[in-house]
Amino acid sequence: MCLACRGFHPVLSTRIYPMQLNRALSVDAEPYAFEFDPGRTALLIIDMQRDFLEPGGFGEMLGNDVSQLRRTIDPNRKLLAAWRSAGLQVIHTREGHRPDLADLPPAKKIRGLGKTSIGDPGPMGRILIRGEPGHDIIPELYPLPGEPVIDKPGKGAFFATDLHAILQNRGIQRLVVTGVTTEVCVNTTVREANDRGYDCLVPEDCVGSYFPEFQEMGLKMIKAQGGIFGWVSDSGRILAAFGSSVT
Ligand code: C5J
C-alpha cells in the first residue's frame, strides 16, 4: 500500500494494487543480491534531458554520439512503467540554472574554455537554463503530475536541493538510480546518497555515457570492493524480481 496515497493514486485517480509491496524483493546484482522493500525504494531518474539525449541538442552539437545515451530510453521506460503501475515513488532530476545565472559558479561557467557555455543560446534554447526546451525531460520519460522533479545546479542530486528531505519524509531508504551520464551525475549522486545512508542499485542498461570506457569504469567503481558505493544490475533482473510482465 502506498503510504502517500493509501492505495488511491491522486494523479491517476485510479485504484492501484501494488504488486509486491508486502514483502522484500531480491534482485540478482553485483557484487551480491540487492534486497529491497519496494514501498521504501524510490526510482531516481537523473537528468534525462533533451539537450543531453536528443539529436540536434547541445550534447550532439559538442560532437557527442547521443545514441550512447538513447539506448537507455527503452529500459528506463520499462522500469518507470513498472514503478508507476505498482504505485511506488518516482523522482526525476534536471541539471540546470536560473535564467539570471545567479546560482552558476563562475568556475562552472568558464570550465572547458569552449566557445559555447551554460546560459548561451543553443539549439534548444539557452543551454542548461531552467524553462528552456533543451533543459526539459525527454517526452518518453516525462514526469507525471505528482512525481517530484528536482532542479539541481550541480552534478549530484543532493547538492543544494531538497531531495534528502523528500526521501526522508516519504520513508525512502533505498534508491534505484538511472539516467545520464554514468560517470558524472549518476556517479556523483550515488556517492552522495551512499554518504547519507541510502543503498543504491544502478541498472547498467538504464545509465549511459557518451564514452564507452567511462560507462564501463563508472559501473565498476560503484560495485568494486564489495559494493563500496552500491550495487549494479540491469532492468531485466529488476523486473524479474517484481515478477513484472510490463513491456
Ligand atoms: C550529467 C553532465 N547529467 N555530464 N551532466 O551527467 O554534465
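Counting starts at 1 for both ligands and their atoms, in listed order.
- With respect to the salt-bridge test (charged N to carboxylate O, under 4.0 angstrom), the residues R237 and E30 qualify.
- Salt-bridge check for K108 with E95: passed, with a basic side-chain N closer than 4.0 Å to an acidic carboxylate O.
- Heavy-atom contacts of D47 reach the following atoms of ligand 1: 1 (C), 3 (N) (cutoff under 4.0 Å).
- Residues R70 and E140 are paired through a salt bridge, judged by an N-O separation under 4.0 Å between the basic side chain and the carboxylate.
- Closest to atom 5 (N) of ligand 1 among all protein heavy atoms lies E95 OE1, 2.9 Å.
- The pair R196-E192 does not meet the salt-bridge criterion, since no charged nitrogen lies less than 4.0 angstrom from a carboxylate oxygen.
- Residue contact check: F52 has heavy atoms under 4.0 Å from atoms 3 (N), 5 (N) of ligand 1.
- Of all protein heavy atoms, the one closest to atom 7 (O) of ligand 1 is K155 NZ, 3.1 Å.
- Within the 3.5 Å criterion, the main-chain N or O of T41 finds no donor-acceptor partner in the side chain of R174.
- Atoms of ligand 1 found under 4.0 Å from any heavy atom of V180 (numbered from 1 in listed order, with element): 1 (C), 3 (N), 6 (O).
- Counted by atom type alone, Y142 and H92 present zero donor-acceptor pairs between their side chains at under 3.5 Å.
- For T181, heavy-atom contacts with ligand 1 shorter than 4.0 Å involve the backbone as well as the side chain.
- Near V184, with a cut-off below 4.0 Å to any heavy atom, the atoms of ligand 1 are 2 (C), 4 (N), 6 (O).
- The protein atom (non-hydrogen) at minimum distance from atom 1 (C) of ligand 1 is C185 SG, 2.7 Å.
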